[in-house]
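Letters A, B, ... are given to chains in the order of the sequence lines, protein chains preceding strands, and every chain is numbered from 1. Since this is a predicted model, take the numbers as computed values, not measurements. When reading the values below, keep in mind they use all heavy atoms of this one structure, side chains included, and skip hydrogens, waters and symmetry mates.
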Number of protein chains: 2
Amino acid sequence: MELRHLRYFCVVAEELNLTRAAAKLHMAQPPLSRQIKQMEGEIGAYLFERSARGLRLTPAGQFFHEHTLQILEKVDATVAATQRLARSKRVMFGIGFVPSVFYGQLPLLVRELRQKDNVELVLAELTTVQQVQALKSGRIDMGFGRMRIDDPDVEQENLFDEPLMAALPEGHPLAETTPTLAQLAEYPLVLFPAQPRPSLADMTLGLFRRRGLKVTVAQEANELQTALALVASEIGITLVPEQVKRVRRDGIVYVYLAAPGLTSPVLCSRRKGEAPSPIMQEANAILEVLVENRRSGRYP
Amino acid sequence: MELRHLRYFCVVAEELNLTRAAAKLHMAQPPLSRQIKQMEGEIGAYLFERSARGLRLTPAGQFFHEHTLQILEKVDATVAATQRLARSKRVMFGIGFVPSVFYGQLPLLVRELRQKDNVELVLAELTTVQQVQALKSGRIDMGFGRMRIDDPDVEQENLFDEPLMAALPEGHPLAETTPTLAQLAEYPLVLFPAQPRPSLADMTLGLFRRRGLKVTVAQEANELQTALALVASEIGITLVPEQVKRVRRDGIVYVYLAAPGLTSPVLCSRRKGEAPSPIMQEANAILEVLVENRRSGRYP
DNA sequence: CTCCATGATACCTCCAGGGTATGGATGACG
DNA sequence: CGTCATCCATACCCTGGAGGTATCATGGAG
């Protein structure tokens, strides 16, 4: 499969007529017909229903069309941005993060760095394990996660430890208490993120399991916002790191847990033994302020 | 430019050695060398610095690498999802939305529809104008926006009107008041979204301008979360539709405006004169409940 | 029933992508 | 400092497949 196929497909999907599409693409109809067919063969699904009076998109074809447009747009945008970057002599700084660290002050780091006009920031949502790989390959320069990883080429700094909190629907029996895990285990759980694993979800499950508590998972969610909506809908309760409590929402209350030491660290990973670049130094300075703010409880 | 180029580039960027990369790709080194060069020519930027001891990514190359990985991943994911869709005989339902309507109950519609196991939901962030085009081409089946558009093939239903609110940092002089626009104009503004225009940002500016008020824009932001972080940092204040107040956040208070009639509608667009499909009927039913909840102030 | 628009098939052509051979540059090493 | 090893670039050849032309098959419109 090549971009050519996608480009052809898009035009055909818009025209729904091979002859017209071929004209638009400045080519003859038979080769276009063949390329489309070839692509269908490669995917292993019919994208069009053929008739004597033109084509019609199948459901799979509609779906493919939607995403093909997005892909082609991204390709164009990437090329354009790369050209700009090359001309402007800016430098790239990549930050990897696991979703659960992105509700606190990290967005502020991103904002500050974006304002530097000599740096092109690239964000990548990566698991902690992926971050190690991405650091080594130079894909990112800094990673934020919650898991300690032992790797000779990567050093991790513990920025701070965060207590876990329970997110409960308003009016829940345990609201306004500091419940134990045993108490929480009585209620169905909204697990998140469901993808990708392993994640906070497994950590949560592990907490209960290690105490011999059995939990029922009412629903899985991929994103925090969804999980909170589910909690507000009284479908279940969920555990979140403390910084999430900044994301307030009608119908949701956060309570600390009675069990002490239920914390989740936030770790910053960098390549070991590398002289910090000017941008890295700036990032470190900003980070220091943010961590200090966090420790002192000040905001932002 | 073809996907082949991107695939080659990725391997080379990882190996940083043409000979090894070629071996990994099961091809000889010279053609690989040529393809890379050809792509650099097409982009018009050097992606690698060549030396006798291998290659090094330029800043532009690093950036390109990052995004190339994402593109290739998306291609694979799209093909896989299309196959699944074709096998499962599910049907696609596309929803377009402008970002500013996505903080209220719309996520619930999405969640409900996702749970139907005969529908593959596709979400697309589109401007209202793009939504009309997307509806006609069948790219989406339902659109949510804030602008009325006159088009013979599209019908719009006004779901409800939303008052605008001001988001202020905690302790702001105007907090706990219902300020007039003139009062608000005294303070610097955080404008959002900065991209794509026209948007809520222009609506906000227009409100002030039409009253002959001059505002200073302290900062632009692309996303709500960023805008709110900026407001909390006391960089400025901003105007948001009412449903945003659900997104609570430490350091932020929302106040209604004294000026009456400052509302922003939420419109649902559909193709005109089309018999509603089973999924459309389900969507309409869910939507009705959500709108009723909204009107009655209940949650969710 | 006829016509014609439209997609499919058959077959040809030619270019570009891939291969082989080799040159040239540069860091490693004794 | 000379030699070697490594690695990318260049030159040239070959072949597969993308695209073209001619034509067939099909089915809805009138």
Are any of [X]'s side-chain N or O atoms less than 4.0 Å away from OP1 or OP2 of [N]?
X        : N       : result
Ser33(B) : dC8(D)  : no
Arg50(B) : dC7(D)  : no
Lys37(A) : dG7(C)  : no
Arg34(B) : dG17(C) : no
Gln35(B) : dA16(C) : no

Could you tell me the separation between the [atom1] atom of [X] and the [atom2] atom of [N], rounded to a whole number of Å?
X        : N       : atom1 : atom2 : result
Leu3(A)  : dA18(D) : CG    : P     : 14 Å
Ile36(A) : dG19(D) : CD1   : P     : 11 Å
Leu32(B) : dG18(C) : CG    : P     : 9 Å
Glu40(B) : dA9(D)  : CD    : C1'   : 13 Å
Glu2(A)  : dG18(C) : CD    : C1'   : 14 Å
Met1(A)  : dA18(D) : CE    : P     : 13 Å
Glu49(B) : dT26(C) : CD    : P     : 14 Å

Can a salt bridge be assigned to the pair Arg270(A) and Glu155(A) using a cut-off of 4.0 Å between side-chain N and carboxylate O?
no

Describe the nucleic acid contact of Gln38(B) in one word from base, sugar-phosphate, nothing, applying a heavy-atom distance below 4.0 Å.
sugar-phosphate

Mark yes or no for whether Gln35(A), through its side chain, and His5(A), through its backbone, hold a donor-acceptor pair below 3.5 Å.
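Absent.
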
Can you list everything that forms a salt bridge (charged side-chain N to carboxylate O under 4.0 Å, His left out) with [X]? Sequence neighbours excluded, please.
X         : result
Glu288(B) : none
Arg56(A)  : Glu49(A)
Arg114(B) : none
Arg87(B)  : none

Hits for side chain to side chain contact (heavy atoms under 4.5 Å, CB included) against Arg20(B), two or more places apart or cross-chain, chain-then-number order -> Glu15(B), Asn17(B)

Sub-4.0 Å heavy-atom contacts from residues 6-30 of chain A onto DNA chain C, ordered by number:
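Output list: Asn17(A), Leu18(A), Thr19(A), Gln29(A), Pro30(A).
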
